[in-house]
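Please read the structure below before turning to the comments.
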Protein chains: 2
Amino acid sequence: MLGDRQKSILKSIVEEYIKTAHAVGSKSLCKKFKVSSATIRNDMSILEDLGYLEKQHISSGRIPSEAGYRYYVDYLMEPKKISGEDMLKLQRIFSNNELDLNSAIEKSLEIISDITNYTSVVLGSASKENLLQKVEVIPLTKTSAVAVLITDKGHVENKQIILSESVDPKEVQKTSELLNKMLVGTRIDEVSSRLEFEIKPIIGNYVKNYEVLYNAFYEALSTFQNGKDVHWEGKTNILKQPEFNTVDDVKNIISKFESKDLVSKIEETDDEVKVYIGRETELDDNVTVIKTKYKTGRDEGTLAIIGPKRMDYERVLTMLGYIKDRIEKKGNNNGED
Amino acid sequence: MLGDRQKSILKSIVEEYIKTAHAVGSKSLCKKFKVSSATIRNDMSILEDLGYLEKQHISSGRIPSEAGYRYYVDYLMEPKKISGEDMLKLQRIFSNNELDLNSAIEKSLEIISDITNYTSVVLGSASKENLLQKVEVIPLTKTSAVAVLITDKGHVENKQIILSESVDPKEVQKTSELLNKMLVGTRIDEVSSRLEFEIKPIIGNYVKNYEVLYNAFYEALSTFQNGKDVHWEGKTNILKQPEFNTVDDVKNIISKFESKDLVSKIEETDDEVKVYIGRETELDDNVTVIKTKYKTGRDEGTLAIIGPKRMDYERVLTMLGYIKDRIEKKGNNNGED
DNA sequence: TTTTAGCACTCTTTTGTTTCAAGTGCTATT
DNA sequence: AATAGCACTTGAAACAAAAGAGTGCTAAAA
């Protein structure tokens with residue numbers, strides 16, 4: 001469908017625009033293709049008809065459309081090796097055995113953010129697959145205690161519990177023992193229902209005034225389920241991109257970054273490294289998100305790089321892929337039984 | 001030094017500017033003071049000479065200078081009662097006994113942010129006064145464990161520990177028992193030094209390969225000390241203020257909000273509710289911070305409201321004072337022994 | 001059939017000019 | 001001490017003109 005020169009012109013325009021953020025005119029491509037500007041214009045016009053290029057106004061040069069980026073990512077770009085310098089920085093992190101996995105992940109994304117000037121996000125391991133490993137209740141005063149919940153993957157959540165004077169510390173102890181006995185090994189996402197249907201019916205037999213306690217634990221567990229671990233690197237980097245040059249653009253993107261359902265929008269993704277452009281991100285029409293899931297024996301989570309649509313796709317894709325690999329290797333080495 | 005009318009004019013200008021964000025001209029004050037605009041101009045000119053007023057350009061009206069706001073806050077403004085509606089919302093939170101203190105604090109600041117359109121921050125209790133209550137080590141795999149530290153005020157911190165294969169689980173257990181025996185009751189800010197000078201010298205007698213373990217605990221404890229609990233409400237509210245109307249202003253304030261030493265700059269403050277205007281904030285010349293420390297039997301922390309310099313001082317001051325009181329009352333009721 | 005040269009046309013950006021409204025500072029007068 | 005009057009300054013808005021970049025189209029050349 002597209003001629004070779006047309007593909008090549010599209011590729012050049014995308015890459016030039018990624019580099020400079022300026023619309024690309026026909027003249028600037030003459031030397032490269034050894035044809036006249038009129039020829040380039042003809043091809044550009046065809047590419048525009050096909051929806052791969054856009055004009056900002058009638059006499060501007062062309063910029064890639066969303067479909068243009070898509071075509072570039074799917075068919076035109078070539079995998080790029082990570083530069084020696086960048087590679088060195090990343091290797092240093094993953095070969096450091098003193099660093100635990102989470103710190104290594106955060107550090108490596110910090111580096112990506114630094115060298116690319118994009119924003120990265122790590123979404124901590126989804127809690128579903130975690131099994132409850134231990135419930136601990138530490139009394140603080142007569143009327144308060146703190147409940148600590150630990151999963152087999154090493155995640156910890158805690159919640160203060162307010163008790164009325166009427167509750168005997170011994171009863172608290174009993175409840176905690178009971179919960180440990182009955183809940184250890186349960187999947188986190190099943191804890192609530194087991195608590196309600198298996199424990200609630202019998203807890204009254206062992207513990208007086210169990211209701212206060214039951215409610216407190218129920219709440220503690222539910223914060224566990226909702227508490228996704230979100231970690232940002234270079235959150236304001238995106239403001240350095242020239243496309244965000246009006247007050248409204250900036251305000252808009254910032255409030256999207258702070259919005260509460262951002263996490264859920266980033267969360268669902270594939271095992272592979274995938275590219276979501278503009279509307280595909282469901283986040284903001286002006287950004288591209290490149291993301292992937294990592295999965296080790298004991299942990300899983302999502303890595304995402306957020307940048308402008310004119311993102312350096314080749315570079316980010318390779319780097320993110322590399323990091324994913326290293327995370328999974330490191331995770332499996334440390335975590336295997 | 002200032003005549004009565006001059007004070008009153010200053011007060012009017014500050015309040016008018018707070019309300020409208022437009023420079024105030026001499027004519028607009030004529031009716032109120034029943035004098036001619038020339039008279040007002042004379043007084044304005046004196047107020048400007050004294051440094052309380054500024055002009056944006058030679059023929060604009062006057063706006064308060066930083067010193068002008070300061071004078072207003074110190075001598076002119078009058079405490080304002082909280083409106084019935086606002087009061088109701090706040091009371092509802094603090095009279096809800098099911099809510100633990102932290103949730104109540106967060107909810108009440110959420111309300112302040114909502115009704116004022118400013119940004120609020122809660123800095124979780126400074127860790128210094130906390131005493132270590134319990135150290136717990138939960139093994140996960142052969143080479144990893146999670147350390148959980150709990151203080152008497154109910155704060156919990158955790159850190160994954162990576163162990164080499166060589167470490168016997170029993171040794172881990174021994175170390176944790178030793179730490180519990182020796183460290184419980186120690187102030188958090190003294191834990192590091194006791195660990196280094198009292199425990200390190202003797203731990204070798206009880207535990208083989210103690211170094212790996214020692215290092216792991218050392219690191220876990222230090223994250224405890226640094227991990228301040230920061231909670232924002234209405235983080236992007238400040239962008240709604242008309243003074244942030246250029247791209248640079250917005251980018252600037254946003255990156256200050258994300259910067260890592262913001263916490264330390266907000267942190268140090270007084271027991272009373274205090275007002276920091278512009279440069280006094282050491283944060284950004286264009287904002288005002290109103291903040292205070294709250295302190296209960298078991299907890300302490302900092303509350304801060306960040307807004308433009310033309311902040312509604314009277315309102316925010318009373319509301320923050322009220323919340324501080326309620327927090328301290330609630331905290332002492334629940335927490336007393 | 002493809003490529004090219006040439007030219008008219010469109011649109012943005014920049015610059016300058018004019019006009020308007022707001023508000024001041026100063027001086028002479030009450 | 002307060003006021004009226006007036007010249008003066010400035011920013012904002014509206015408008016015009018000119019420059020620059022790049023296109024689309026047509027007719028000719030390869």
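Numbers restart at 1 for each chain; the letters A, B, ... are given by sequence-line order, proteins then strands.
Remark: A:E48 engages A:K55, A:R62 in a salt bridge (charged side-chain N to carboxylate O under 4.0 Å, His left out) (not counting sequence neighbours). Listed by chain and residue number, nothing satisfies the salt bridge (charged side-chain N to carboxylate O under 4.0 Å, His left out) test with B:E233 (two or more places apart in sequence, or in another chain). Applying the salt bridge (charged side-chain N to carboxylate O under 4.0 Å, His left out) test to B:E110 and every residue at least two apart in sequence or in another chain returns nothing. Among residues two or more places apart in sequence or in another chain, the salt bridge (charged side-chain N to carboxylate O under 4.0 Å, His left out) test is passed with A:D249 by none.
For the pair A:D49 CG and D:dG24 C1', the computed distance is 12 Å after rounding to whole Å. If you take CG of B:N245 and C1' of D:dG11, they are 14 Å apart, rounded to a whole angstrom. B:D43 places its CG atom 12 Å from the P atom of C:dG25, with the value rounded to the nearest Å. The interatomic distance linking B:L47 (CG) with C:dG25 (P) rounds to 12 Å, in whole Å. Atom CD1 of A:I9 is separated from atom C1' of C:dT2 by 13 Å (rounded to the nearest Å).
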Taking N or O atoms only and anything under 3.5 Å, show me the protein contacts with nucleotides 25-30 of chain D, one pair per line.
none

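Near DNA chain C, meaning a heavy atom under 4.0 Å from it, residues 50-66 of chain B has B:K55, B:I58, B:S59, B:S60, B:G61, B:R62 in order of number. Of the residues in residues 15-36 of chain A, those placing a heavy atom less than 4.0 Å from an atom of DNA chain C are A:V35, A:S36, in numerical order.
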Result block: side-chain N/O donor-acceptor pairs under 3.5 angstrom for residues 252-259 of chain A, not counting sequence neighbours:
residue : atom : partner : partner atom : Å
A:N252  : ND2  : A:D284  : OD2          : 3.4
A:S255  : OG   : A:K251  : O            : 3.2
A:S255  : OG   : A:N252  : O            : 3.0
A:K256  : NZ   : A:D284  : OD2          : 3.0
A:E258  : OE2  : A:K235  : NZ           : 3.1
A:S259  : OG   : A:K256  : O            : 3.3
A:S259  : OG   : A:D261  : OD1          : 2.9

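A distance of 11.0 Å separates NZ of B:K324 from OH of B:Y294, quoted to the nearest 0.5 Å.
Dense packing is recorded around NZ of B:K265, with more than 12 heavy atoms of other residues, nucleotides or ligands lying under 6.0 Å away.
Counting only residues at least two apart or on different chains, the ring-ring contact (aromatic ring centres under 6.0 Å, His included) pairs with a member in residues 12-53 of chain A are A:Y52-A:Y71. The stretch residues 271-281 of chain A participates, sequence neighbours left out, in these salt bridge (charged side-chain N to carboxylate O under 4.0 Å, His left out) pairs: A:R70-A:E280, A:D270-A:K274. Sorted by first then second residue, the salt bridge (charged side-chain N to carboxylate O under 4.0 Å, His left out) pairs that include residues 12-41 of chain B, not counting sequence neighbours, are B:K11-B:E15.
Using a 4.5 Å heavy-atom threshold, the side chains of B:I305 and B:T119 count as separate. Inter-residue side-chain proximity for B:T288 and B:Y276 is flagged as unmet; no heavy-atom pair is nearer than 4.5 Å.
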(Q) The test is side-chain contact (heavy atoms from CB on, under 4.5 Å); show your working for A:K7 and A:L76 and say whether it passes. (A) CA-CA 8 Å; A:K7 283 187 194 172; A:L76 302 177; 4.0 Å; yes
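In terms of phosphate contacts, B:R5 brings a side-chain nitrogen or oxygen within less than 4.0 Å of OP1 or OP2 of D:dA2.
Axis deviation across the helix from C:dT1-D:dA30 to C:dT30-D:dA1 amounts to 20°, comparing end segments of five pairs, rounded to 10 degrees.
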